[in-house]
Protein chains: 2
Amino acid sequence: MTVSIKDVARAAGVSPATVSRALSGGKVSAELRAQVEDAVHRTGYRPNLSARRLRSQESQTIGLIVADICNPFFTAVARAVEDEAYKAGLRVILCNTDENPEKESMYLQLMEEERVTGVIFAPTRATAGRLGKLRLNYPIVLIDRADIASGQDAVVLDNAAAATMLVEHLHGQGYRHIAGLFGNASTTGIERHAGFTAAMQRLGLQPESRFVAPSIEAAEAEIASWLSHGHAPEAVVASNGLLLMGVVKAIRAAGKRIPEDLAVAGFDNESWTELAGPGLTVIEQPVAEIGRTAMHLLLERLETPGAPVRKVVLGGRCVVRGSTKAVQPLLA
Amino acid sequence: MTVSIKDVARAAGVSPATVSRALSGGKVSAELRAQVEDAVHRTGYRPNLSARRLRSQESQTIGLIVADICNPFFTAVARAVEDEAYKAGLRVILCNTDENPEKESMYLQLMEEERVTGVIFAPTRATAGRLGKLRLNYPIVLIDRADIASGQDAVVLDNAAAATMLVEHLHGQGYRHIAGLFGNASTTGIERHAGFTAAMQRLGLQPESRFVAPSIEAAEAEIASWLSHGHAPEAVVASNGLLLMGVVKAIRAAGKRIPEDLAVAGFDNESWTELAGPGLTVIEQPVAEIGRTAMHLLLERLETPGAPVRKVVLGGRCVVRGSTKAVQPLLA
DNA sequence: TTGAAAGCGCTAACAC
DNA sequence: GTGTTAGCGCTTTCAA
């Protein structure tokens with residue numbers, strides 16, 4: 001039924017090895033190469049990647065495991081990873097964990113069975129911790145989230161510094177009662193919380209923080225509760241794009257205004273943040289750079305397995321928009 | 001280095017065949033099964049999927065080829081497809097074409113090399129047309145876009161009816177000068193344009209249409225041009241979520257207001273459409289249903305290769321929001 | 001039930 | 001340069 005390399009060899013009047021060599025750019029005379037190409041065309045031959053991978057013992061494939069590719073942050077990172085992988089002749093298997101540790105385990109195991117050459121991974125806190133014990137048969141580069149001393153290469157944002165930028169900006173605009181909303185599943189939330197808290201204290205302000213599930217709904221419910229109980233702060237900082245959207249939805253649903261009733265700042269410069277309300281003040285992450293760097297770290301790790309573990313920390317940029325406008329003119 | 005089924009067999013004191021049977025749920029005595037499981041654990045054995053696929057001649061894998069998974073429409077569809085595939089014990093390889101026919105060809109060929117059992121595909125117009133001639137070694141189910149008589153199973157939205165709903169709603173709100181903005185790469189754009197035009201004519205209105213590349217930027221540039229030349233219509237219909245976002249961005253950038261200066265309606269009920277301006281009136285597609293149906297069509301096609309080609313047409317729902325509010329009170 | 005042996009389609013070692 | 005041969009890791013006859 002299916003046409004194999006033997007069929008092509010027969011059609012071209014050469015040996016299977018010659019076909020293999022011709023197709024993989026090995027040393028073959030121009031004459032035979034032409035015959036092979038012709039035979040490939042005539043027979044409609046398609047190499048069987050499973051056979052090739054089995055025989056050559058290399059999958060030419062990497063795994064990319066993220067929480068949710070639809071999160072624009074991961075989208076952009078994934079895009080950069082794929083571009084770099086493609087240049088290096090590697091295929092990418094994409095996996096979405098939905099921040100679910102069981103799915104993470106499953107995919108980590110699946111990647112072993114696929115015999116991937118390496119994995120780029122944005123783990124939950126639960127998994128990041130036990131990654132060292134897992135003895136996977138491939139190297140991992142962590143992105144976005146990285147436990148202290150996880151023993152893995154990693155590329156992350158300077159989360160504490162970014163949170164500090166947001167707090168200082170809000171403070172500069174005259175806001176004093178500032179609350180923070182953080183995701184409870186990732187180390188990112190922890191780090192941003194730490195930066196937020198430290199910056200608030202440094203400014204002599206009382207930090208107020210909530211950890212919620214990393215979903216629009218969870219953030220929306222939390223803010224709705226603040227608003228309906230009448231104990232909302234003057235400003236809120238959301239630690240990622242999902243939470244930020246939940247915040248905005250809750251404010252709209254309550255019929256309140258940004259920033260008059262509640263100022264808003266957050267992470268991730270997603271395209272809709274420009275369109276919502278008066279525009280949202282956000283931290284823009286160097287997403288493409290994160291993806292590129294992760295891929296490079298992985299390639300270098302593959303070349304030099306014994307090299308010391310490396311962690312690359314990148315800085316964010318604060319994009320100021322209307323959602324943090326000073327409500328009352330400040331006194332000089 | 002890597003541990004194979006032979007190593008497990010040796011460790012368990014049985015033959016490789018018994019290990020294989022034990023792992024795939026074949027007939028094995030409880031005693032040996034326990035020994036095998038123990039040996040698997042001790043050796044850290046992971047089955048090699050390439051070898052399994054090669055030997056069994058079935059990949060247990062389907063391909064899902066879409067324009068861009070980050071487009072929320074495809075995101076939701078993909079999610080439903082993956083859920084159904086998972087239930088059926090199938091893996092999903094996801095491919096993004098960016099509406100680029102060359103990438104489509106490449107992925108179509110790659111799917112052959114991966115020996116997938118089937119493919120779910122949202123093709124560009126260019127590729128949809130020549131799909132019949134391609135003689136791929138797997139069945140295809142088309143989603144979202146489907147050429148007349150492409151000879152493939154398909155599940156699509158009733159695009160003409162949906163466009164008609166939008167036109168009639170705008171007309172009912174008092175708008176008369178209505179322009180349409182359509183994607184130029186897919187049959188979807190064509191069908192929505194046809195529905196739009198027919199509905200406008202039926203109402204005795206002059207349809208005005210523009211076809212642009214399916215990107216935020218293209219839509220933004222087009223609308224910006226209308227606005228700056230001062231010949232903007234009263235209302236605009238955008239034929240998908242990307243174009244819709246471009247429209248909103250352009251209106252904001254020009255400092256105009258929705259719907260007072262330009263009313264807006266479009267396709268795809270993405271989460272940001274609720275947040276932008278006064279909320280955007282959109283057609284909501286039954287995204288999960290589309291994905292589920294596509295997967296079912298594919299599974300049935302695999303069971304019954306000779307069955308007649310089927311096309312499932314699903315209806316959309318019009319979600320009315322502030323972007324199409326009647327500006328002046330209508331006379332009775 | 002279990003084991004021995006063959007072979008999926010391919011590439012790489014070795015001979016010529 | 002080219003062909004012959006062996007074997008990657010697995011499943012699946014076929015015997016026992």
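Every chain is numbered from 1, with letters handed out A, B, ... down the list of sequences.
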_We want to know whether B:E58 and B:T117 form a side-chain donor-acceptor pair, criterion being a heavy-atom distance below 3.5 angstrom._
no

*Hey, are B:R145 and B:E99 close enough for a salt bridge, meaning a charged N less than 4.0 Å from a carboxylate O?*
yes

*asked:* What I want to find out is whether A:D153 reaches A:R310 closely enough, with some N-O distance under 4.0 Å, to be called a salt bridge.
replied: no

_Please report the end-to-end axis angle for the helix from C:dT1-D:dA16 to C:dC16-D:dG1, five pairs per end, rounded to 10 degrees._
40°

*Would you name the heavy atoms of A:R130 and A:S105 that are closest together and state the gap between them?*
NH2-OG, 2.8 Å

Show me the side-chain donor-acceptor pairs of residues 65-82 of chain B shorter than 3.5 Å, one per line, residues at least two apart or across chains.
residue	atom	partner	partner atom	Å
B:D68	OD1	B:C70	N	3.0
B:N71	OD1	B:F73	N	3.0
B:T75	OG1	B:I69	O	2.5
B:T75	OG1	B:N71	O	3.2
B:R79	NH1	A:D98	OD1	3.2
B:R79	NH1	A:D98	OD2	3.2
B:R79	NH2	A:D98	OD2	2.6

*Please list, in 5' to 3' order, the outermost nucleotides of DNA chain D lying under 4.0 Å from any heavy atom of chain A.*
D:dG1 to D:dG9

*asked:* Return a single string for nucleotides 8-16 of chain C, one symbol per nucleotide in 5' to 3' order, where B is base contact, S is sugar-phosphate-only contact and - is none, cutoff 4.0 angstrom on heavy atoms.
replied: BBBBBB---

_Result of checking B:L142, B:I140, B:V141 against B:V119 for side-chain contact (heavy atoms from CB on, under 4.5 Å)_ = B:I140

*Is atom CD of A:E113 surrounded by more than 12 heavy atoms (other residues, nucleotides or ligands) closer than 6.0 Å?*
yes

_Between A:S15 and A:T18 (side chain of the first, backbone of the second, donor and acceptor by atom type, cut-off under 3.5 Å), is there such a pair?_
yes

*Within residues 42-52 of chain B or reaching into it, pairs that qualify as side-chain hydrogen bond (donor to acceptor under 3.5 Å, both in side chains) - sequence neighbours excluded*: A:E112-B:R46, B:D38-B:R42

*Sequence neighbours excluded - salt bridge (charged side-chain N to carboxylate O under 4.0 Å, His left out) pairs with any residue from residues 3-12 of chain B*: B:D7-B:R10

